[in-house]
Each structure stands twice: as structure tokens, then as C-alpha cells.
Student: 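Take a look at this one; I'll ask things after.
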Amino acid sequence: MAWGEDEAIGPDVASAGLHVTERIGRDAAAQPDLEEALEASRYASHPYSSHPKEWPPLVEVAETRQLPPMLIERYNAAAGEGTALCGIFSDIHRAWATVDNSFFIWRFDKCENILWSIGAGVA
């Protein structure tokens, strides 16, 4: 590329950068604040309202339980670098959890150890 061509490209790139920056600023200004949008969704007049404010909450914490020690040990062994997911099968009174490639299942209605587990490093 010759020197003359480089000089011609520089102002075009700078102009494009200014145009992009201006456009991003306008787009950001047009978006509602996240906190305002979440607050507005609590009212029935909001188009995305799904749960009226005067209704009871969809989820209510009735009771909490400790996770089995074996599961906590496996999670701590990952040192915060792994992935953990959990859930319940309420009809059969079982809870499940995964830590990386290990799967655990136990009864949540009784404080017992893990009933079943599979995966690397699981005894």
C-alpha cells in the first residue's frame, strides 16, 4: 500500500469510529434502565406483566435443608471452577444435583446420605 492511500484511509476510519460511537450512544439512551423496566413489569398495565403485584408470590420457601456432605465435598474439590446444578422430584421426595460430571440423588424429606451417585471421583 502506498503512503498516499494510507493517508486517505485514516480519516475515513476515524469518521466511521465517530459514527459508530454516536449510534451506540443513541441506542443506549433509547433503552430503558433495567431497574425501571423491572419495576414497571410489576404493574398490570405493563405489556410483559405476568404476575399481579397483589397476588401471593409464585414461589414460597417453606423449609430449607442442608445438602449432603458428600455433595459439598465434591463441590469444594472443584474450587469454584466447576458447574453445579440441582433440583427436586417432589412427587417421589428426591433431590438431585450435579457437580461437573458427577450426579447425585437423595431423599430430601429425610436427612439421610446420598442414595445414589455416579461420576468421576464418586465413591
Side-chain angles (χ1 to χ4, degrees):
M1 180 183 301
W3 178 258
E5 292 174 355
D6 189 28
E7 290 174 354
I9 293 174
D12 291 340
V13 172
S15 175
L18 291 173
H19 180 71
V20 169
T21 301
E22 177 190 339
R23 183 61 189 220
I24 290 172
R26 280 190 289 164
D27 286 350
Q31 297 297 320
D33 181 57
L34 178 59
E35 184 177 8
E36 291 172 6
L38 291 173
E39 183 63 29
S41 70
R42 298 180 72 198
Y43 302 105
S45 62
H46 192 272
Y48 299 112
S49 178
S50 61
H51 189 75
K53 186 178 179 180
E54 58 274 0
W55 287 10
L58 292 174
V59 176
E60 188 173 316
V61 177
E63 187 176 349
T64 60
R65 304 270 180 157
Q66 294 292 323
L67 294 172
M70 181 183 201
L71 177 62
I72 299 294
E73 289 171 13
R74 180 73 173 127
Y75 181 77
N76 289 338
E81 296 293 323
T83 300
L85 302 169
C86 62
I88 62 168
F89 301 116
S90 58
D91 291 342
I92 61 171
H93 303 285
R94 302 293 188 271
W96 63 268
T98 63
V99 178
D100 292 334
N101 63 342
S102 300
F103 176 77
F104 305 90
I105 190 165
W106 67 96
R107 287 189 65 144
F108 66 79
D109 60 339
K110 296 182 179 181
C111 294
E112 295 180 355
N113 286 334
I114 292 181
L115 297 175
W116 189 63
S117 62
I118 59 172
V122 176

Student: My understanding is that only residues two or more places apart in sequence, or in another chain, count here; which of them pass side chain to side chain contact (heavy atoms under 4.5 Å, CB included) with Ile92?
Tutor: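 Residues passing side chain to side chain contact (heavy atoms under 4.5 Å, CB included) with Ile92: Phe89, Arg94.
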Student: In terms of hydrophobic clusters joined by side-chain contacts under 4.5 Å, are Leu18 and Ile24 together?
Tutor: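 No; tracing contacts between hydrophobic side chains, which count when under 4.5 Å, never links both residues.
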Student: Closest heavy-atom contact between Ala95 and Phe108?
Tutor: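 Closest pair (atom of Ala95, atom of Phe108, distance): N-CD2, 3.8 Å.
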Student: Let me see the working for Tyr75 and Leu67 under side chain to side chain contact (heavy atoms under 4.5 Å, CB included), right down to the final yes or no.
Tutor: CA-CA 11 Å; Tyr75 181 77; Leu67 294 172; over 6 Å; no
Student: First locate atom CD1 of Ile88, then atom CD1 of Ile105, and finally report the distance between them rounded to the nearest 0.5 Å.
Tutor: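 Output value for this atom pair is 11.5 Å.
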Student: Can you tell me if CZ on Arg26 sees more than 12 non-hydrogen neighbours from other groups inside 6.0 Å?
Tutor: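 It does: Arg26 CZ has more than 12 such atoms within range.
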Student: Rounded at 0.5 Å granularity, tell me how far CG in Asn101 sits from CZ in Arg74.
Tutor: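 Taking CG in Asn101 and CZ in Arg74, the distance rounds to 6.0 Å.
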Student: In chain order, what residues pass the salt bridge (charged side-chain N to carboxylate O under 4.0 Å, His left out) check against Asp91, with sequence neighbours excluded?
Tutor: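 With sequence neighbours excluded, Asp91 shows a salt bridge (charged side-chain N to carboxylate O under 4.0 Å, His left out) to no residue whatsoever.
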